[in-house]
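Read the structure below first, then the notes.
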Amino acid sequence: MKNSPQPNGNREQISERPGAFFKNAGWTHLLCILSVLVWLCLGVLGCDSTETGSGSSFKSPGAQSEIGLEDREADQDSVETRSDPVEPFPKIVAFGDSLTAGLGVSRDQSYPGQLEKKIQALGYQYQVINAGVSGETTAGGVRRTEWILKSQPDFVILELGANDALRGQPLQQSYSNLETIITRLQEEGVDVILAGMKIPLNYGEAYTREFEKMFPRLAAQLQIPLIPFFLKGVAAQRELNQGDGIHPTAEGYAIVVENVWEILKPLLESRGPQT
């Protein structure tokens with residue numbers, strides 16, 4: 001009777017002659033081992049799929065904790081966009097400052113969010129993109145125009161200028177910046193709607209008056225529709241504004257939507273419902 005090989009001796013043979021192990025194990029065993037190793041790399045070790053282009057949303061716990069609220073909302077928006085039909089809805093971009101972004105209210109309570117619900121309920125299948133940035137000036141708008149064009153909008157609702165006035169910037173420069181934005185959008189065939197704004201009288205009567213006149217003058221020069229006063233029925237109404245007295249509540253934004261809709265409606269009607 002042969003003595004059974006000792007475990008220690010067996011391990012020494014494998015370590016000294018690895019080729020013999022694979023030969024004895026056979027190709028089937030070798031493939032199984034390789035498969036397990038690949039699975040461990042991709043699944044257990046968490047290889048970063050963003051480098052391989054797989055499109056996976058896997059993130060390490062550390063990376064997830066660093067993602068801010070705005071990034072999470074942007075991720076959600078991209079998921080909703082991918083769920084749209086093969087032919088995506090034409091786009092209306094709301095381009096502005098914190099009054100467009102909806103500072104202090106949820107995204108669906110902002111005026112772009114409420115506007116999209118309204119127009120889709122009426123049979124107009126447009127996607128409304130909220131491109132508002134808190135603190136935005138007309139100079140910042142100029143820098144963002146090319147980014148706005150990447151979404152290939154059919155319409156842009158332009159609401160900028162109030163932050164220029166609150167900082168006492170020269171109105172001639174604000175006018176020039178708005179003109180640059182509108183002209184660039186028109187070059188790409190975008191229909192632009194300009195939102196008129198007003199500021200309190202404590203900035204001086206002459207400055208206040210010239211600021212208010214800037215918007216109808218621009219609209220006439222560039223032949224675009226004008227919302228006479230974006231915050232009509234909302235400004236100075238305590239119950240429709242948040243504690244700062246500047247930014248509307250959700251109810252205030254509902255009135256803003258009606259101000260916008262009054263000008264936008266004829267433009268959409270000319271193209272017909274898209275039900």
Side-chain angles (χ1 to χ4, degrees), residues 77-78 80-97 99-102 105-133 136 141 144-161 178-179 181-197 215-234 240 248 250-275:
D77 288 345
S78 66
E80 292 173 356
T81 300
R82 286 195 296 270
S83 67
D84 286 344
V86 175
E87 291 295 331
F89 292 163
K91 299 178 181 65
I92 300 171
V93 172
F95 185 9
D97 51 35
L99 294 173
T100 292
V105 301
S106 65
R107 182 171 290 268
D108 63 338
Q109 291 176 332
S110 67
Y111 106 75
Q114 295 194 48
L115 178 63
E116 182 178 79
K117 291 178 183 177
K118 180 180 181 68
I119 65 177
Q120 290 187 3
L122 293 172
Y124 297 94
Q125 299 301 315
Y126 285 85
Q127 178 186 1
V128 180
I129 298 175
N130 188 334
V133 172
E136 185 74 293
R144 281 207 297 146
T145 303
E146 295 304 317
W147 177 82
I148 294 293
L149 285 170
K150 288 182 179 180
S151 63
Q152 299 181 325
D154 284 50
F155 298 94
V156 166
I157 304 167
L158 181 61
E159 176 272 309
L160 284 174
L178 289 171
E179 182 180 15
I181 295 169
I182 296 167
T183 301
R184 180 70 187 101
L185 293 171
Q186 289 178 324
E187 287 174 353
E188 298 299 325
V190 179
D191 289 330
V192 182
I193 299 172
L194 181 63
M197 294 296 297
F215 299 96
R217 190 160 64 244
L218 263 170
Q221 175 191 335
L222 300 176
Q223 300 181 350
I224 59 174
L226 173 71
I227 302 168
F229 182 31
F230 183 73
L231 295 175
K232 176 184 175 183
V234 180
L240 296 175
E251 293 76 18
Y253 277 123
I255 296 175
V256 170
V257 167
E258 295 305 316
N259 296 337
V260 173
W261 179 242
E262 184 178 351
I263 307 303
L264 179 61
K265 179 182 178 182
L267 300 177
L268 299 189
E269 286 181 338
S270 68
R271 301 194 181 193
Q274 298 180 331
T275 52

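Just so you know, these numbers come straight off a predicted model, no measurement behind them. Nothing fancy with the numbering, it's 1 onward along the sequence.
Closest of all the heavy-atom pairs between G141 and T145 is O-OG1, 2.8 Å. Residues V234 and L240 approach most closely at CG1-O, 4.0 Å, considering heavy atoms. Between P248 and L231, the shortest heavy-atom contact is CG-CD2, 4.0 Å. Closest approach of I255 and G233 over heavy atoms only: CD1-O, 4.0 Å. Across all their heavy atoms, S110 and G102 have their closest contact at CB-CA, 3.9 Å.
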Test salt bridge (Lys or Arg N to Asp or Glu O under 4.0 Å) applied to E136 and R144, step by step: CA-CA 10 Å; E136 185 74 293; R144 281 207 297 146; 2.5 Å; yes

Determine, stepwise, if the pair Q221 / E179 fulfils side chain to side chain donor-acceptor pair (under 3.5 Å). CA-CA 9 Å; Q221 175 191 335; E179 182 180 15; 2.7 Å; yes

Mind running side chain to side chain contact (heavy atoms under 4.5 Å, CB included) on L222 and T183 for me, showing each step along the way? CA-CA 8 Å; L222 300 176; T183 301; 4.2 Å; yes

Let me see the working for F95 and E159 under side chain to side chain contact (heavy atoms under 4.5 Å, CB included), right down to the final yes or no. CA-CA 6 Å; F95 185 9; E159 176 272 309; over 6 Å; no

Apply side chain to side chain contact (heavy atoms under 4.5 Å, CB included) to the pair L267 and F155, showing each step before the final yes or no. CA-CA 9 Å; L267 300 177; F155 298 94; 3.8 Å; yes

Does the pair D191 and I224 meet the rule for a side chain to side chain contact (heavy atoms under 4.5 Å, CB included), with working shown? CA-CA 8 Å; D191 289 330; I224 59 174; over 6 Å; no

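Between atom NZ of residue K118 and atom OH of residue Y124 there is a gap of 11.0 Å, rounded to the nearest 0.5 Å. Summarising the geometry, atom CD1 belonging to I129 is positioned 4.5 Å from atom CD belonging to Q127; distances are rounded to the nearest 0.5 Å. Atom-to-atom distance recorded for K91:NZ and I148:CD1 is 12.5 Å, nearest 0.5 angstrom. Interatomic distance, R217 CZ to L226 CG, rounded to the nearest 0.5 Å: 12.5 Å.
Legend: residues meeting side-chain hydrogen bond (donor to acceptor under 3.5 Å, both in side chains) with E188, ordered by chain and number and at least two apart, are R184.
No more than 12 heavy-atom neighbours from other residues, nucleotides or ligands sit within 6.0 angstrom of CD on E262. Within 6.0 Å of CD on E187 lie more than 12 heavy atoms contributed by other residues, nucleotides or ligands. In this structure, Q152 places its CD atom where only 12 or fewer heavy-atom neighbours from other residues, nucleotides or ligands lie under 6.0 Å away.
Screening L115, T100, V93 for a side chain to side chain contact (heavy atoms under 4.5 Å, CB included) involving I157 leaves a single residue, L115. For the side chain to side chain contact (heavy atoms under 4.5 Å, CB included) test with I92, the passing option among I119, I193, D154 is I119; the others fail.
Within the 4.5 Å cutoff, the side chain of I181 has no heavy atoms near those of the V192 side chain. Looking at heavy atoms from C-beta onward, N259 lies out of side-chain contact with F230 at the 4.5 angstrom threshold. Put simply, the side chain of L122 reaches to within 4.5 Å of the side chain of W261, judged on heavy atoms.
Of the possible polar contacts, one joining the Y253 side chain to the L99 backbone as a donor-acceptor pair under 3.5 Å is found. For the pair Q120 (side chain) and Y126 (backbone), a donor-acceptor distance under 3.5 Å is present. Not a single donor-acceptor pair under 3.5 Å links the side chain of D97 to the backbone N or O of G132. Panel note: side chain D108, backbone G113; no donor-acceptor pair is recorded below 3.5 Å. In this structure, Q114 contributes its side chain and Q109 its backbone to a donor-acceptor pair below 3.5 Å.
For F215 and F229, the ring centers are positioned 6.0 Å apart or more.
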